[in-house]
Number of protein chains: 2
Amino acid sequence: MKDNNDMPGHLARRFQQIAVAVFLAEVGDAGFDLTPVQYAALATIKANPGLDQVTLAGLIAYDRTTITGVIDRLVQKGLAERRASRRDRRARELEITDEGRRTLRKITPAVESAQRIMLRGLSAKEGSDLMRLLHKAIAAGNELSRAPLRQAQA
Amino acid sequence: MKDNNDMPGHLARRFQQIAVAVFLAEVGDAGFDLTPVQYAALATIKANPGLDQVTLAGLIAYDRTTITGVIDRLVQKGLAERRASRRDRRARELEITDEGRRTLRKITPAVESAQRIMLRGLSAKEGSDLMRLLHKAIAAGNELSRAPLRQAQA
DNA sequence: TACTGATAGTCAGCATACTGAGCAATATCC
DNA sequence: GGATATTGCTCAGTATGCTGACTATCAGTA
C-alpha cells in the first residue's frame, strides 16, 4: 500500500506545519506575538498603502472571509488601521501604523532566520530548487483554490 | 523589499492550500465527503488495526489534541470505531469498519487523481525532485513542530 | 506500598481556512 | 433610467492545528 508519506498532499501539509512552528518559535523568541499570516498581511499593507481588503487578499492568496479576522487582530494590536474608502463606500482602506512599521522592522531578522531554519536540511542549491519547484507547481494550480493569487491593479 | 512569494514559508502555505482544495474537489466529485486529514487517519487505521490514538497521531504527524476531533468525525460517519483498550485503560483502540473499508476502496482513484493534479505543472522528474526535497526538508525539521512524525513501536 | 514521574486522552480557547448566505453599494446593460 | 449583475465585506458554521491545563492511569522506585 502507498504510504501517506509518499503523497505530495501529505508532504505539503507537513512542510507547512513545520514552517509555521519555526516561524512562531523564532518570532516568539524575539519577543513578538505575530503569526505568519499576520506578518504577510502587515508587510503587504506596508508595501501597498491604502489598499482594500480584497486586493490585499489577492496579493497574498488569502480567502476574503479569512482576511476579515486577520485584519481585526492587526487593528486590535494597533499595527494597522481600517477606514472607510471615499471612492467606494463598500471598501475599507488599510494603512500600517507607526507601531506596525516599528514591529515589522524589528521582527525582520527573526522572520529571515525562520526561513533559513525551515530549509536547514537542504544545501543552498537544494533550497533554491525546492523554491523554484514549489513556485512552478503553485503557479499551475493557482486557480484551483478559492483564494488564488492576484496581481494588484495598476 | 523581499516579496512574500520568495519566502519558503509562504510557498509552503500556498502549496498546502492548493493541495487541500484539489483533494476536496476530486473526492467531492467522486461523491464522498472526506477531508485529507480524515483520509490519512482512516488509511492509517486500516493499515494498523487496533492502534491507539497517540500512535496514530505519531504515524501521520498530527497533534494529539487534533486527532480527538478527527476520530470523532470518522466515528460519527460510521467509518471507524473507538473502544477502550483492556491492556491500558487510558488508551482507546481504533478499528476501521466495513463501511470505512468500502469508502477507502472507492475513494482511492479520486485521491490518486488529486495527487497528480497538484503536481500538474511539473514534469515527472520535477515532481519526484519536489517530493524528494520536501522529504529531506521535513526530515530535518521533524522535531521542530509539536506533532513530529513517529514510527510505530515494534 | 507510597511516591514520583510519565503517559493517554480530553477540553477550553485561539487562529487560520473554507462554504454558503446575506447586505450594501457600484457597474453594466437594455 | 431602471432592472440586473457584480463586487466588497461580514457573518454563521465547520474542520484543522496549536497552547496549556486537567483527569485518569500506568510505570518505576525507594
Side-chain angles (χ1 to χ4, degrees), chain A residues 9-10 12-14 16-25 28 33-41 51-58 60-74 76-77 82-94 144-148 150 153, chain B residues 9-10 12-14 16-25 28 33-41 51-58 60-74 76-77 82-94 144-148 150 153:
Chain A
H10 188 78
R13 176 188 159 281
R14 187 82 186 98
Q16 149 79 354
Q17 181 183 43
I18 290 169
V20 171
V22 168
F23 185 101
L24 291 177
D33 172 33
L34 209 64
T35 66
V37 161
Q38 290 164 16
Y39 170 80
L51 85 174
D52 63 294
Q53 295 187 191
V54 167
T55 304
L56 171 59
I60 48 186
Y62 291 8
D63 193 276
R64 69 185 190 286
T65 63
T66 300
I67 212 103
T68 297
V70 174
I71 296 173
D72 282 350
R73 286 179 281 280
L74 287 177
Q76 207 217 323
K77 289 176 183 177
R82 171 160 47 190
R83 41 169 184 278
S85 164
R86 259 172 304 177
R87 289 176 295 98
D88 185 338
R89 286 190 310 179
R90 292 169 301 180
R92 309 279 185 274
E93 288 179 359
L94 305 173
L144 300 179
S145 78
R146 168 162 139 162
R150 297 280 180 233
Q153 301 303 318
Chain B
H10 188 78
R13 177 188 159 282
R14 186 83 186 98
Q16 149 78 355
Q17 181 182 41
I18 291 169
V20 171
V22 168
F23 185 101
L24 292 176
D33 171 33
L34 210 65
T35 66
V37 161
Q38 290 164 16
Y39 170 81
L51 84 174
D52 63 293
Q53 296 186 191
V54 166
T55 303
L56 171 59
I60 47 186
Y62 291 8
D63 193 277
R64 68 184 194 288
T65 64
T66 300
I67 212 103
T68 297
V70 174
I71 297 173
D72 283 350
R73 287 180 280 278
L74 287 177
Q76 205 217 323
K77 289 177 183 176
R82 172 157 49 188
R83 42 171 185 276
S85 164
R86 260 172 303 178
R87 290 175 296 98
D88 184 339
R89 286 189 311 176
R90 294 169 302 180
R92 309 277 186 274
E93 288 178 358
L94 305 173
L144 301 179
S145 78
R146 170 162 139 162
R150 298 279 181 232
Q153 302 302 318

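Note on naming: letters A, B, ... go to the chains in the order of the sequence lines (proteins, then strands), and numbering restarts at 1 for each one. What's counted below: heavy atoms across the whole structure, side chains too, no hydrogens, waters or symmetry copies. Since the model is a prediction, treat every value here as computed from it, not as a measurement.
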Nearest heavy-atom pair of [X] and [Y]: which atoms, and what distance?
X       : Y        : answer
B/Ile71 : B/Leu56  : CD1-CD2, 4.1 Å
B/Asp63 : B/Ala147 : N-CB, 3.4 Å
A/Tyr62 : A/Ile67  : CD2-CD1, 3.5 Å
B/Ala21 : A/Leu144 : CB-O, 3.4 Å

Quick check: does any side chain N or O of [X] sit under 3.5 Å from a backbone N or O of [Y], one acting as donor and the other as acceptor?
X       : Y       : result
A/Glu93 : A/Arg83 : no
B/Gln17 : A/Ala61 : yes
A/Lys77 : A/Asp33 : yes

Check: B/Ser85/B/Asp88 side-chain N/O donor and acceptor closer than 3.5 Å: no
Rounded distance (Å) that lies between atom C1' of D/dC9 and atom CG of A/Leu94: 11 Å
A/Arg89 CZ to D/dT10 P, straight-line distance once rounded to whole Å: 16 Å
Working for side chain to side chain contact (heavy atoms under 4.5 Å, CB included), residues A/Arg73 and A/Thr35: CA-CA 10 Å; A/Arg73 286 179 281 280; A/Thr35 66; over 6 Å; no
Side-chain N or O of A/Thr68 closer than 4.0 Å to phosphate OP1/OP2 of D/dC9: no
N/O (side chain, A/Arg82) to phosphate O (OP1/OP2, D/dT10) under 4.0 Å: yes
Expected rows: protein N/O vs nucleotides 1-8 of chain D N/O, under 3.5 Å:
residue, atom, partner, partner atom, Å
D/dT7, O2, A/Arg90, NH1, 2.3

Output a table of nitrogen or oxygen pairs between the protein and nucleotides 12-17 of chain D separated by less than 3.5 Å.
residue, atom, partner, partner atom, Å
D/dT16, OP1, B/Thr35, OG1, 2.8
D/dT16, OP2, B/Gln38, NE2, 3.1
D/dT16, OP2, B/Arg73, NE, 2.6
D/dT16, OP2, B/Arg73, NH2, 2.9
D/dT16, O5', B/Arg73, NH2, 3.4
D/dG17, OP2, A/Arg13, NE, 2.9

Range on DNA chain C touched by chain A, heavy atoms, distance below 4.0 Å: C/dA15 to C/dT26
Side-chain heavy-atom pair B/Pro36, B/Leu24 within 4.5 angstrom cut-off: yes
